[in-house]
2 protein chains.
Amino acid sequence: MKRINNKKARKRYKPPTMDDVAELAGVARSTVSNAINDTAPVSKEVKERIFKVIEELQYKPNNLARGLRSNRTQLIGLIIPDINNPFYSEISKGIEKYMNQKGFSVVLCNTDYDLAQEKKYLDKLIQVNVDGLIFITGEQDLNLIAEIHEKSNTRIVFTDRSNSFNNDIPIITIDHKKAMKDMTKYLIELGHKNIAYISEPTSMKTLRDRLEGYKEAFRETGISINNSLILIESVLQTNKIKRGYEITSNFLAQSPLIPTAIITTSDLLAIGAIKAIREKGYRVPDDMSVTGFDDIETASYICPGLTTIKQPLSKMGTLSAKVLVELINGNPVEEKQIILEHQLIARESTCRVKQK
Amino acid sequence: MKRINNKKARKRYKPPTMDDVAELAGVARSTVSNAINDTAPVSKEVKERIFKVIEELQYKPNNLARGLRSNRTQLIGLIIPDINNPFYSEISKGIEKYMNQKGFSVVLCNTDYDLAQEKKYLDKLIQVNVDGLIFITGEQDLNLIAEIHEKSNTRIVFTDRSNSFNNDIPIITIDHKKAMKDMTKYLIELGHKNIAYISEPTSMKTLRDRLEGYKEAFRETGISINNSLILIESVLQTNKIKRGYEITSNFLAQSPLIPTAIITTSDLLAIGAIKAIREKGYRVPDDMSVTGFDDIETASYICPGLTTIKQPLSKMGTLSAKVLVELINGNPVEEKQIILEHQLIARESTCRVKQK
DNA sequence: ATGAAAGCGCTAACAT
DNA sequence: ATGTTAGCGCTTTCAT
C-alpha cells in the first residue's frame, strides 16, 4: 500500500459469496453451507438447485472466512533445511503430493540449517494458522516444540530425525545405526580395514547413530578402529558437495595413513569426495572405494555408480503426510515411531581391496 | 472431524486476541491495530504500553482475520513442475528466501508437468486467497491465466518461460535462442560438424527458441544441418536423467551416422546421455563431446565436468519474487520482460574433434 | 490521538 | 430439512 498513486488501479472484482448463492437458490445461507460441507442433511432438490447456482456463479468458498470460523485452514507447514538438496526435495515432493490429494496446501519453509530461522518459521506458521506441520531438522529447540505442541492448534510430525523420542510427536525415519553398520560390514567383507569415515555433525541424532553403527561393525568383526580416520564436520551447512570435496582433499593431503575406502554420510558428500580423490591421483574404486548415503537419483548415474544406503525418501514423505493428516483429523496414531526399511545398494564405487 | 470419539481431546488453548491486548492496555482495539500496523498515529506512551502488553501476552495477530478484513494474506503461490529437479528447486529456494524476508509465506504446488494439475492448483491458490503467484510452466492455459488475472485479486509472474508475450504478465528469463546459438557455435569452433541435438518438447517456447539458436548457428557458419540428428521428446516428464539415457541409447543403437558431439537441453538429460554413450563403448569427450543446459550444481562435480549454459537460477527466483512483491504492493513494474545474462561454462565434457 | 461500530464470509448452535 | 442468529479476530471508516 505504499503507493496508491498508480493510476491504473486494478478493477476490484468481487467474487460471489455464499450469500449470493443462497439468495439465488432461494435458501438460507446455512443450507448452502450444509450442502457444501455435508454437515447436515439437505434435500435432493434443494441440493441440486444450490449446486446449479454454484456452477453458474463459479462460486468458491472463501478459505479465510472458513478458517476464521472453523479453525481449519487446510494449510500445513513444511520446515526443511534445504529444498535444493535432493534428499529433502524428494521427501518434500512426496509430502506435497499426498497433502494435495487430501485437500491441503503446503507452506514451504527453508531454514538453511539455521536454528534462528526455524524458530521464526515456527512462529510464522502458527500465525498463518496451519493445521499442522512437518519438521525435518536436526537442531530443534525442544522447548519451543513442546510449547507449540501445547499452545497452538498445530499438530507436528518429525521426518528423518529428532533429537529425542521422549515426547509423543510422531517420527518417520529409518534405522540409521543398522544402516551404517550394514555398510561398514559390507566394506570389511570386501577386505577393507582402513576405512575412513566422513560425517556431517553428530549434533544430529541420526548421525550419532550412524557413527555408532560404524564403530559397532568394527567391534563385531574384531578390527581395531583408527580414530584418525574419523572426520566429523562441526557445522551443518548447505553446500554438501563442496564440503565433501574440501574435507577429503585436506584429509588426503595430510593424513599419514591413506585408507582403502571412505564412507560418507551422504551421497552429496561422496560426490565431492570422489572428485577430491581423483584430483589426488587415486582411482575410484581401484585405489579407494567410496560410499554414500540416501540414494538420491544421481547416485546411480554418476560415474562410477555410487554404492549407498537407499532411504525410501518418497515414502517417508508420503507417510509423514499421512500421519499428520490423521492427527489433524483427530484420529489416534498408535505407532509414534515409524521405522522404514533401508537397503544397501552396491554399485561401482566400491570393490574388493587390492593386494597391499 | 470424522471421529470425535477419541477421548484424549486436545485442550483447546485460546491464543490472546487483539481485544485482550486492548483491554489490558486500557485502550480501544482500533488503537492497538493502529499501533501494530502504523496505520494512524499513536502517542508514544500508549504505544509503549501496548507493546508491553503484546510482549507479555505473546500476542500474535491472527492472519486469517486480518486477511478476511483486508484482502491480504501474505501468502503467495508457487507453481512448478518438479521440486525434485535441481533447476526448479534452486529457483524455488531463491523465491522462498526473498518472500520470507518480505514477510510472505510460499505455498508450494508441484504439477509434474500436468496441465490438469496446473488448473487445479490455480483454483486452489485463488481459494487460499494468495496475494500473488509465480508460475513456472510450459503448457499454460492462457485463457485460464487471463481469467485469473482479471477475476481475482491475484498477481502473476512467470519465471523461465511463457508461451506468449502478448499480455502484461511479467516474465523473468534468459535469451534461450542466443544461449543455444553460443553453445552450438562453440562446438563448431571445436571442429564438430555432426552435432546431435536432444531436446525436450518444443511445445515450450524456450525450447523452440533454443532449437532455433542451434539451427541459426549452423546457418551462420555455413554448415548443413542433418535433421536425422535432431531428436525432440514429445512429452514433458519428470525423470529427465532416465529419458536422456533412453533417447541417447536408442539413437546410438540405430543411427547410421554417429555424431562427434551431442547437445542436450538440460544437464539432467546430459547426465543420462553420458551414461548411455559410455555403455556403447564411446568415451566422453574423446569420442563424443556432450553439453548440458542450466548449470545445476552437480554439473561441475560429475566426471567429466559438464560443459553447459549457466542460467542464473537463484537470481531468477529472487527477481521473480521481487517483481511479484512490487506488483502486490501496487507499484508499477515498467520492465515486463526481464532477460538475464547466461554464460557458457566450458568444462571437460567437450573437446576439439579428433582427426576423423 | 483515540474510540465506537460496522462488517469481511463463513460455520455452528439453536430454533423451527 | 431448513432458517435464524451469533460470532470468529481483525481492519477500517467515521466520530470525537
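Every value quoted in this text rests on a predicted model; they were computed, and no experiment measured them. In what follows, chains carry the letters A, B, and so on, assigned in the order in which the sequence lines appear, proteins first and then strands, with residues in each chain numbered from 1. No hydrogens, no waters, no symmetry mates; every other heavy atom, side chains included, goes into these values.
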message: With a sphere of 6.0 Å drawn around NZ of Lys124(B), does it hold more than 12 non-hydrogen atoms of other residues, nucleotides or ligands?
response: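 More than 12 heavy atoms, drawn from other residues, nucleotides or ligands, come within 6.0 Å of this atom.
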- prompt: What do you reckon, is NZ of Lys315(A) surrounded by more than 12 foreign heavy atoms closer than 6.0 Å?
  reply: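 Counting neighbours around NZ of Lys315(A), 12 or fewer heavy atoms of other residues, nucleotides or ligands fall under 6.0 Å, so no.
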- request: Indicate yes or no: at least one non-hydrogen side-chain atom of Asp82(B) is less than 4.5 angstrom from one of Asn110(B).
  value: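 Counting from C-beta outward, Asp82(B) and Asn110(B) do come under 4.5 Å.
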Indicate whether OP1 or OP2 belonging to [N] is found under 4.0 Å from a side-chain N or O atom of [X].
X	N	result
Lys14(B)	dG9(D)	yes
Ser33(B)	dT11(D)	yes
Arg69(B)	dT12(D)	no

message: Does Ser30(B) reach a base, just sugar-phosphate, or nothing at all? Heavy atoms under 4.0 Å.
response: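 Here Ser30(B) touches the bases of the nucleic acid.
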query: Relative to each other, are the rings of Tyr88(B) and Tyr113(B) parallel, tilted or perpendicular (30° and 60° limits)?
result: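 Because their plane-to-plane angle is over 60°, the rings of Tyr88(B) and Tyr113(B) count as perpendicular.
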query: For the side chain of Thr31(B), counting heavy atoms from C-beta on, which of dG3(C), dT11(C), dG9(C) is nearest?
result: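 Shortest atom-to-atom distance from the side chain points to dG3(C).
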message: From the set dG3(D), dG9(C), dC10(D), return the single nucleotide nearest to any side-chain atom of Ala28(A).
response: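 Within the option list, the nearest is dG3(D).
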- request: Tell me which of Val27(A) and Arg66(B) sits closer to the 5' end of DNA chain D, going by the nucleotide each one is nearest to.
  value: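 Nearest-nucleotide comparison on DNA chain D picks Val27(A).
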- prompt: Any idea which heavy atoms bring Pro81(A) and Ile136(A) closest together, and the distance?
  reply: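 For Pro81(A) and Ile136(A), the tightest heavy-atom pair comes out as CD-O, 3.2 Å.
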task: Search all heavy atoms of Gln74(B) against all heavy atoms of Lys102(B) and return the closest pair with its distance.
output: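 The answer is NE2-O, 4.2 Å.
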message: Assess the residue pair Asn129(B) and Asn63(A) against the criterion (side-chain hydrogen bond (donor to acceptor under 3.5 Å, both in side chains)); give the C-alpha distance rounded to whole Å, side-chain angles, the decisive distance to 0.1 Å, and a yes or no.
response: CA-CA 7 Å; Asn129(B) 293 282; Asn63(A) 272 344; over 6 Å; no
query: Hey, what do you get for CD1 (Ile54(A)) to CD (Glu56(A)), rounding to the nearest 0.5 Å?
result: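 Between atom CD1 of Ile54(A) and atom CD of Glu56(A) there are 11.0 Å.
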message: Return the CD1 to CZ distance between Ile169(A) and Phe158(A), rounded to the nearest 0.5 Å.
response: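 If I round to the nearest 0.5 Å, the distance is 4.0 Å.
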Between [N] ([atom2]) and [X] ([atom1]): distance, integer Å:
X	N	atom1	atom2	answer
Gln74(A)	dG9(C)	CD	P	20 Å
Glu23(B)	dC10(D)	CD	P	14 Å
Asn62(A)	dC8(D)	CG	P	18 Å
Asp19(B)	dT11(D)	CG	C1'	12 Å
Leu64(B)	dC10(C)	CG	P	13 Å
Tyr59(B)	dG9(D)	OH	P	10 Å
Met18(B)	dA4(C)	CE	C1'	16 Å
Asn71(B)	dT12(D)	CG	P	10 Å

query: For the helix from dA1(C)-dT16(D) to dT16(C)-dA1(D), how many degrees between its two end axes (five pairs per end), to the nearest 10°?
result: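 For the helix from dA1(C)-dT16(D) to dT16(C)-dA1(D), the axes at either end differ by 30°.
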- prompt: In terms of side-chain geometry, is the basic nitrogen of Lys93(B) or Asp112(A) positioned less than 4.0 Å from the acidic oxygen of its partner?
  reply: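 The answer is yes: the pair qualifies as a salt bridge.
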- prompt: Can a donor-acceptor pair under 3.5 Å be found between the side-chain atoms of Arg29(B) and the base atoms of dT11(D)?
  reply: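 Side chain to base: pair present.
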- request: Enumerate the residues from residues 34-51 of chain B whose closest heavy atom to DNA chain D is under 4.0 Å, giving them by residue number; use none for an empty result.
  value: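 The answer is Asn37(B).
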